[in-house]
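Single-structure report; data block below.
Only a predicted model underlies this, so the values are computations on that prediction, with no experimental measurement involved. Order of the sequence lines fixes the chain letters, A, B, ..., with proteins taken first and strands second; residue numbering starts at 1 for each chain.
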There are 2 protein chains.
Amino acid sequence: MTRQALTAETVLDAALTRFAARGYHGTALSEIAAALDVRTPSLYNHMRSKHDLLLTIVERTVHGVLDDFHAAVDGRTDPLERLHHAVLVYAHRHATHRREALVVNRDTSSLEEPHRTTMQDLRREHEHALRAIITDGVRQGRFDVGSPALASFAIREMCVSTARWFSDDGPLTAEQVAREYTEFALTIVGVGRYASS
Amino acid sequence: MTRQALTAETVLDAALTRFAARGYHGTALSEIAAALDVRTPSLYNHMRSKHDLLLTIVERTVHGVLDDFHAAVDGRTDPLERLHHAVLVYAHRHATHRREALVVNRDTSSLEEPHRTTMQDLRREHEHALRAIITDGVRQGRFDVGSPALASFAIREMCVSTARWFSDDGPLTAEQVAREYTEFALTIVGVGRYASS
DNA sequence: CCTACCGATCGGTAGG
DNA sequence: CCTACCGATCGGTAGG
């Protein structure tokens, strides 16, 4: 069994695994090095600092979420269709990118300024965009829910938490979970079963 | 402004605040001491170790959740009523005990064995008890949901995440949020609006 | 990629 | 409740 080449990407991947399992502050660089079968100083040929590893992980993930969201929603005008696809893609991402989701949720607050604020603003952007879909749907009389903000939080966090329990070895695929969660989301905003294209 | 007396409870409360804000591994005992305006060694008159602070916080919180659950559910037989009250009390607790919820969710995994396993088993006990209510409801034909496990996860995590965004200064009280979330939960299991006693 | 090493900080103890 | 201090470990650098 030959050892894999040490690159910026393999270091990031090992960091991602360890940060997800133990948290940023709970992970020592020596553990990441050990996982790659090298000594700690060797990591510095492929990264700038421990903080930079976290920053790269959070940046990629947050931008990935926003890209997914726009790919799912842009070009659609029907609030029901927009919500459907936004939730489908968001839930799916959290089942298929569990480590990234866990790290972003747990450790974005550990970023140094100004990165912390920048990343939190980007996350809020997605949050507001999802809420706007619900608000639109209510205004157009397509959705029925008392508090769009509350419904938005519930739907978001329901999807996010998929990262905490989903397993590739479980009875359901990521696609199946995403579809079921999309139905949950639609019932929360007061829409019954919905067969989409 | 006279400084409050240093006791086991004031130390625990300061630890709770800091752990919730920065995480267990991200918090130094010196920060807890500074918040109480004493030096680090003084803390040891009121605690055994940093780990013991975390253990006490997690133990109390997890047992509190289970106590709440049994007080809400025991003696009721109707699945719809049982789910209604279980969710109401669970959501309410996460809005009113935000720090505790954040620490348990983030840092239970940082407990040393055997405590880590013990606490995770207790959390699982609550998870399974909630799921059993849904399974019962489905079996009795009162609920309509494809996967009771999935519905249970969605409802649980929706409630848990309240701790991440709820604010006492917001437009909704903890009671209002809990009631709305209970409605969300009931729609997820396929029950319409439900006026309970 | 390594060995050798740095200053800083950590949780915790001694002793009063 | 404090000062003084401990060994261990941390992220990171020098230099090859």
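Remark: B/Arg39 is not in phosphate contact with D/dC1, judged by side-chain N or O atoms under 4.0 Å from OP1 or OP2.
When each of D/dC1, D/dT3, C/dC2 is scored by its nearest atom to the side-chain atoms of B/Ser42, the top-ranked nucleotide is D/dC1.
Listed by residue number, there are no residues of residues 104-119 of chain B with a heavy-atom contact under 4.0 Å to DNA chain D.
With A/Phe153 as the aromatic partner, A/Arg131 meets the cation-pi criteria of under 6.0 angstrom to the ring centre and within 45 degrees of the ring axis.
Of the N and O atoms on the side chains of A/Arg123 and A/Asn105, at least one donor lies less than 3.5 Å from an acceptor on the other residue. In this model, a donor atom of one side chain and an acceptor atom of the other lie less than 3.5 Å apart for B/Thr117 and B/Glu113. Counting only N and O atoms by type, the side chains of A/Thr187 and A/Glu183 include no donor and acceptor under 3.5 Å apart.
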Pairs under 3.5 angstrom only: tabulate donor-acceptor contacts from the side chains of residues 32-43 of chain B to other protein residues two or more places apart or in another chain.
none

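A continuous path of hydrophobic side-chain contacts links A/Leu80 to B/Phe184 [ILVMFWY only; heavy atoms under 4.5 Å].
Within 4.0 Å of A/His25, counting heavy atoms only, lies no atom of the nucleic acid at all.
A/Ile32 has its CD1 atom 18 Å from the P atom of D/dT9, to the nearest Å.
Judged by Watson-Crick or G-U wobble contacts below 3.5 Å, the nucleotide C/dA4 has D/dT13 as its partner.
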Inset, instruction - For nucleotides 10-16 of chain C, just jot down a letter per nucleotide in 5' to 3' order: B, S or -, based on protein non-hydrogen atoms under 4.0 Å. - result: SSBB---

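Aromatic ring orientation, B/Tyr90 versus B/His94: perpendicular (interplanar angle above 60°, classes split at 30° and 60°). Ring pair B/Tyr24/B/Phe19 is perpendicular by interplanar angle, where above 60° counts as perpendicular and below 30° as parallel.
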